[in-house]
Amino acid sequence: MKKFLSVTLVLAIALTLSLSFVACKGDSQDVDKLTEIKYETLLADYLAYPDAANDAKMDTIERNVTQIYNDSSLSDAQKIAQIMDRITNNEVECAYFSYFRNQVGETKLGNNHGQLIYQRLRKQSDTLKDDTTIKLPINHNFGATETGFVTSADIRYVNDGKYNRMTKKSDIVYNKETGLLEVAQWKKHSKWNIDEDAKWSRSYSEARKTCVNWSVENIVDTSKTISMDIKTDANGNEYYELIFSVNVDVANADSTTTSRLEEDNSGKNMRYNYCNLTVEIWKNGLAKRYVIDESWSGKIGAAIVWYEGSAQSKSEIVFSYSKSDVDNYAKTDAIYQSLK
């Protein structure tokens with residue numbers, strides 16, 4: 001998977017660790033119980049079937065998910081690998097999309113450990129990119145440098161042909177009422193008011209960061225449960241449900257896969273321990289929902305500071321293909337306007 005495929009897929013964990021040597025103790029929190037997030041407060045149409053513009057885009061794909069699913073010459077493992085590649089490409093081919101990712105896990109750096117929350121809300125079209133990523137360690141005993149590795153908050157905003165990046169000015173706070181990470185005050189990043197076409201973000205290399213891509217075709221573990229079903233939502237819309245695991249021996253033996261993992265996590269000598277997925281895909285070939293249970297281990301750091309590290313995390317990613325959700329970027333624009 002990327003990070004979440006003549007199939008070219010790179011498995012990669014989206015538990016990306018940003019490099020920072022700044023102490024972030026002010027962001028730290030002790031949280032007794034995590035709150036279940038109500039996704040409809042972020043993406044009103046996340047359970048809705050893709051709108052007409054997106055449905056029309058998928059009609060132009062010659063070998064989409066349904067054709068792969070019905071191909072009797074392929075094994076279920078081969079079908080899943082090709083389907084995952086296809087839906088990664090469909091993120092590029094669709095008219096527009098939004099998604100929210102909530103990832104929670106246990107992270108170990110050297111002799112210290114704690115929980116890590118990673119959240120990402122992205123809204124993307126050919127003219128807009130509204131992308132907020134926030135990471136916060138909770139219930140941990142990390143030192144200042146370790147905390148810096150796993151704490152960050154950024155908004156990457158492309159609108160009207162200009163790229164403006166914002167970063168946190170105040171501490172990250174876990175809102176116990178909503179389950180969301182929040183930053184009250186933002187400031188300009190060094191990358192500000194730079195010419196950029198939002199279409200630049202619509203590429204396969206960018207799409208793989210959403211969840212899954214692999215550089216090897218036999219990535220699905222045939223010794224574990226493989227399930228492929230057609231299901232129907234409450235409104236009568238059909239979708240595919242895939243349940244499978246990654247063959248970590250295959251993933252770890254592939255240099256492209258492991259190099260992607262190291263790149264995404266600022267690490268080296270990294271390996272996957274396990275990765276189990278439940279993937280829901282609308283019948284037209286667009287991703288509906290991912291649930292990922294995964295673990296990796298290796299070295300995390302930079303320059304002369306390296307930690308033996310490991311992580312176990314669970315992620316849920318929900319998608320919307322509604323123009324109204326993409327167009328609802330008023331919150332980010334308000335932050336941008338206040339910093340101008």
Side-chain angles (χ1 to χ4, degrees), residues 2-4 12 14 16-20 39 41-46 50-51 53-54 57 87-103 118-135 152-170 172 180-211 213 260 263-264 266 286-287 317-340:
K2 161 177 174 189
K3 273 173 139 352
F4 276 96
T16 48
L17 302 178
S18 65
L19 292 180
S20 168
Y39 293 121
T41 63
L42 297 160
L43 298 172
D45 296 322
Y46 84 97
D51 66 12
N54 275 300
K57 281 282 189 177
I87 61 174
T88 302
N89 278 288
N90 286 349
E91 184 178 304
V92 182
E93 299 292 339
C94 70
Y96 34 74
F97 66 89
S98 305
Y99 66 73
F100 179 76
R101 179 182 192 122
N102 184 52
Q103 182 166 353
Y118 171 90
Q119 295 178 350
R120 182 180 188 184
L121 177 62
R122 180 179 174 193
K123 302 176 181 185
Q124 178 78 56
S125 70
D126 285 347
T127 58
L128 171 80
K129 180 178 180 179
D130 177 7
D131 190 1
T132 300
T133 58
I134 307 179
K135 291 181 289 185
S152 68
D154 291 280
I155 301 173
R156 295 167 177 85
Y157 184 50
V158 182
N159 200 6
D160 294 327
K162 295 291 184 179
Y163 170 56
N164 295 279
R165 184 170 172 180
M166 293 156 268
T167 190
K168 70 186 185 76
K169 184 176 181 180
S170 61
I172 303 168
L180 299 175
L181 300 178
E182 298 176 349
V183 175
Q185 293 181 301
W186 296 84
K187 62 183 179 180
K188 293 180 181 179
H189 189 275
S190 58
K191 295 182 178 180
W192 188 261
N193 202 37
I194 299 171
D195 291 341
E196 184 172 309
D197 188 341
K199 288 184 180 179
W200 181 86
S201 298
R202 306 207 65 189
S203 64
Y204 187 89
S205 61
E206 179 71 13
R208 70 178 181 81
K209 298 177 184 178
T210 303
C211 173
N213 313 335
R260 292 292 191 183
E263 174 189 345
D264 295 335
S266 303
L286 290 170
I317 310 171
V318 296
F319 294 81
S320 169
Y321 301 94
S322 160
K323 191 68 165 60
S324 60
D325 275 331
V326 174
D327 286 346
N328 185 18
Y329 57 91
K331 182 177 179 180
T332 294
D333 196 61
I335 295 170
Y336 164 65
Q337 295 295 341
S338 71
L339 301 181
K340 290 177 68 174

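Index from 1, following the sequence. Predicted model only: the values in this text are computed from it and were never measured.
Residues L286 and N90 come closest through the heavy atom pair CD2-O, 3.8 Å. Considering every non-hydrogen atom in both L181 and Q119, the closest pair reads N-OE1, 2.9 Å. Across all non-hydrogen atoms, the minimal contact from K188 to L339 is CE-O, 2.7 Å. Contact detail for F97 and V326: the closest heavy-atom pair is O-CG2, 3.7 Å. The minimum heavy-atom distance between A184 and S170, with the atom names listed, is N-OG, 3.3 Å. In terms of heavy atoms, S322 sits closest to D51 at CA-OD2, 3.9 Å.
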Trace of the side chain to side chain contact (heavy atoms under 4.5 Å, CB included) decision for E206 with Q124: CA-CA 12 Å; E206 179 71 13; Q124 178 78 56; over 6 Å; no

Step-by-step side chain to side chain contact (heavy atoms under 4.5 Å, CB included) determination, K168 to I134: CA-CA 9 Å; K168 70 186 185 76; I134 307 179; over 6 Å; no

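Each of D154, D130, D131 was scored for a salt bridge (Lys or Arg N to Asp or Glu O under 4.0 Å) with R120, with one residue passing: D131.
Enclosure of atom CH2 in W192 by more than 12 non-hydrogen atoms of other residues, nucleotides or ligands within 6.0 angstrom is indicated. Counting non-hydrogen atoms of other residues, nucleotides and ligands closer than 6.0 Å to NZ of K123 gives a total above 12. Surrounding NZ of K162 are more than 12 heavy atoms belonging to other residues, nucleotides or ligands, all under 6.0 Å away. Taking a 6.0 Å sphere around OH of Y329, one finds it holds 12 or fewer heavy atoms contributed by other residues, nucleotides or ligands.
Here the straight-line distance linking atom CD of E93 with atom CZ of R202 works out to 8.5 Å at 0.5 Å rounding. In this structure, CG in D195 is found 12.0 Å from CG in D160, a value given to the nearest 0.5 Å. Once rounded to the nearest 0.5 Å, the distance linking NZ of K135 with OG of S152 reads 4.0 Å. Residue T167 holds its OG1 atom at 7.0 Å from CH2 of W186, rounded to the nearest 0.5 Å. Note that OG1 of T332 is 10.0 Å distant from CG of N159, once rounded to the nearest 0.5 Å. Distance check, rounded to the nearest 0.5 Å: CD1 of I155 to CE of M166 gives 5.0 Å.
Using a distance-only test at 3.5 Å, with no hydrogens or angles considered, a donor-acceptor pair links the side chain of N164 to the main chain of N193. The main-chain N or O of Y96 is found under 3.5 Å from a side-chain atom of N54 such that the two form a donor-acceptor pair.
Using cut-offs of 30° and 60° on the angle between ring planes, the pair Y39 and F100 is tilted.
With contacts defined as side-chain heavy-atom distances shorter than 4.5 Å, the pair L43/L121 qualifies.
Two rings, from F319 and Y99, have their centers less than 6.0 Å apart.
When only modelled atom types and interatomic distance are considered, Y157 and D333 share a side-chain donor-acceptor pair under 3.5 Å.
With salt bridges taken as basic N to acidic carboxylate O contacts below 4.0 Å, none links R165 and E196.
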